[in-house]
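As structure tokens, the structure follows; a few thoughts come after it.
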There are 2 protein chains.
Amino acid sequence: MLRAAVARADKAGIESLSMRRLAEELGVVPMALYKHVANKEELLDGMIDVVVGEIDPPVAGAGWKSAVRQRILSARRALLRHPWASQVMESKQNPTPLVLAYMDTMIGLFRAGGFSVNLTHHVMHTIGSRVLGFSQELFNDSSTIDPEVAAAMMRELGPKFPNVLAIATAASHEEASVVGPGCDDQYEFEFALDLLLDGFERLLQRA
Amino acid sequence: MLRAAVARADKAGIESLSMRRLAEELGVVPMALYKHVANKEELLDGMIDVVVGEIDPPVAGAGWKSAVRQRILSARRALLRHPWASQVMESKQNPTPLVLAYMDTMIGLFRAGGFSVNLTHHVMHTIGSRVLGFSQELFNDSSTIDPEVAAAMMRELGPKFPNVLAIATAASHEEASVVGPGCDDQYEFEFALDLLLDGFERLLQRA
DNA sequence: ACCTGAACACCGTTCAAGT
DNA sequence: ACCTGAACACCGTTCAAGT
């Protein structure tokens with residue numbers, strides 16, 4: 001049932017996942033789902049745990065910086081396999097025990113690296129959602145946009161927003177097109193992650 | 001109508017805002033709303049613009065770092081006045097023209113400070129949602145939690161998650177209580193923001 | 001005791017009927 | 001032409017009736 005829910009969300013998007021449709025897919029009556037799950041919230045929790053369960057454990061014998069970096073990039077790979085997961089995680093109020101366990105080992109990596117409890121606390125806040133491998137892409141333009149529509153939009157908005165236009169055209173790999181194929185999200189994610197880790201290292205050395 | 005929608009979301013939460021209830025509150029028939037707005041998406045866009053409109057313009061005559069910092073903190077004050085706004089902004093696919101204009105001036109601050117187009121691009125990705133004054137608080141425990149429930153939870157989970165427990169108890173201002181009143185979100189926000197800005201400054205000097 | 005169909009209390013939006 | 005009530009196509013979940 002959890003696997004069916006994850007598969008459906010992967011394929012058709014989280015907004016297509018309703019209790020009724022999931023039941024239909026499984027060939028059962030809607031109310032049958034409530035034998036396995038108290039409500040939809042619990043279903044979503046279970047789905048999150050499937051994704052978090054795919055994250056590799058920390059590599060042994062590495063320094064804190066490398067261990068944190070590799071684990072976060074592993075989390076990112078899991079998140080990219082399940083594009084709905086970041087949105088669901090954001091919307092939840094309470095972490096599942098499995099997410100808490102993930103956080104706990106991540107905190108442990110910092111503390112083992114010599115970070116004080118307080119510094120680790122601040123550092124975890126600074127990483128924010130990136131700890132789970134996603135960066136709050138505000139207005140995710142990465143979804144399938146018609147290049148012509150994008151070009152028309154930029155032609156219209158360009159004169160009003162010259163700075164946005166400058167970045168949008170610079171991000172394009174082909175000089176010819178008005179608006180490029182979007183940003184290299186993986187590069188941007190690692191750029192930000194490394195900037196953060198370097199900042200943490202500096203704070204650690206100062207302390 | 002927009003003001004009524006914003007007021008309702010401020011007061012009772014975004015999940016309580018439905019087209020039908022908003023219409024009832026305004027003393028009109030549900031379909032009357034569709035004279036002002038094509039659909040609910042457009043209503044939410046309008047509500048976002050109300051919030052973004054409350055952000056102060058950039059201060060003149062300051063260096064890029066100070067100008068960016070002050071503007072982001074102004075955005076944060078606006079966001080804190082409207083707790084639903086961050087969630088709605090996250091869920092939207094496309095920015096409104098007003099949000100685009102905000103981004104444009106923010107990009108302009110970096111470029112005026114000497115950042116190249118490409119570096120500005122990376123820097124904007126690194127800031128992420130913080131540019132609009134909110135940090136993806138994963139699992140926002142800041143909401144009204146019963147201290148007793150939290151204490152019980154920690155008592156149960158503490159042994160399994162010692163590192164989470166260490167931070168939770170350290171964050172407490174009173175040593176006596178098992179779990180504190182949560183984190184100082186404003187402090188954490190500024191800590192992260194300043195770490196980012198310092199990192200950007202270092203990149204600028206290196207370039 | 002277990003299962004399940006119908007029902008409840010909602011949604012956002014369409015559309016045809018009324019003025 | 002404008003307005004609007006009813007209807008449509010959904011939700012998640014409750015609950016009583018059936019086995």
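Proteins come first, then strands; the chains are lettered A, B, ... in the order of their sequence lines, and each starts at number 1. Only a predicted model underlies this, so the values are computations on that prediction, with no experimental measurement involved.
Nucleotides D:dT14 and C:dG12, compared at atom C1', are 23 Å apart to the nearest Å. C:dT13 and D:dT13 are spaced 23 Å apart, taking the C1' atom of each and rounding to whole Å. Comparing C:dA9 with D:dA9, their P atoms are spaced 22 Å from each other, to the whole Å.
Across the protein-nucleic acid pair, B:L33 atom CG and D:dC2 atom P stand 18 Å apart, rounded to whole Å. Nucleotide C:dC2 holds its P atom 7 Å from the NZ atom of A:K35, rounded to whole Å. In this structure, A:L43 atom CG and D:dT13 atom P are separated by 10 Å, rounded to whole Å. Following rounding to the nearest Å, A:N39 (CG) and D:dC11 (P) show an atom-to-atom distance of 17 Å. Between the CD1 atom of B:I14 and the P atom of C:dG12 there is a distance of 11 Å, rounded to whole Å.
Contact annotation for A:M19: backbone-only contact, meaning every heavy-atom pair under 4.0 Å involves sugar-phosphate atoms and none involves a base.
No close placement of the B:W64 and B:F200 rings is indicated, their centers lying 6.0 Å or farther apart. The aromatic ring centres of A:Y187 and B:H122 sit less than 6.0 Å apart.
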Check nucleotides 17-19 of chain D for protein N or O atoms closer than 3.5 Å to its own N or O atoms and list the pairs.
none

How is the base pairing of DNA chain D summarised as a dot-bracket string, given the Watson-Crick and G-U wobble criteria with both distances under 3.5 Å, [ ] for crossing and | for another strand? ||.|||||...|||||.||
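Of the residues in residues 20-29 of chain A, those with a non-hydrogen atom less than 4.0 angstrom from any atom of DNA chain C are A:R20, A:V29. Within residues 6-13 of chain B, no residue has a heavy atom under 4.0 Å from DNA chain C.
The side chain of A:M31 approaches D:dT13 more closely than any other nucleotide in the set D:dT13, D:dT4, D:dG12.
No donor-acceptor pair closer than 3.5 Å links the side chain of A:T120 to the backbone N or O of A:I107.
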For residues 17-25 of chain B, which side-chain donor-acceptor pairs fall under 3.5 Å, sequence neighbours excluded?
from, atom 1, to, atom 2, distance (Å)
B:S18, OG, B:R21, N, 3.1
B:R21, NE, B:S16, O, 3.4
B:E25, OE1, B:R8, NH1, 2.6

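Partners of B:F161 according to the ring-ring contact (aromatic ring centres under 6.0 Å, His included) rule, which considers only residues two or more places apart in sequence or in another chain, do not exist here.
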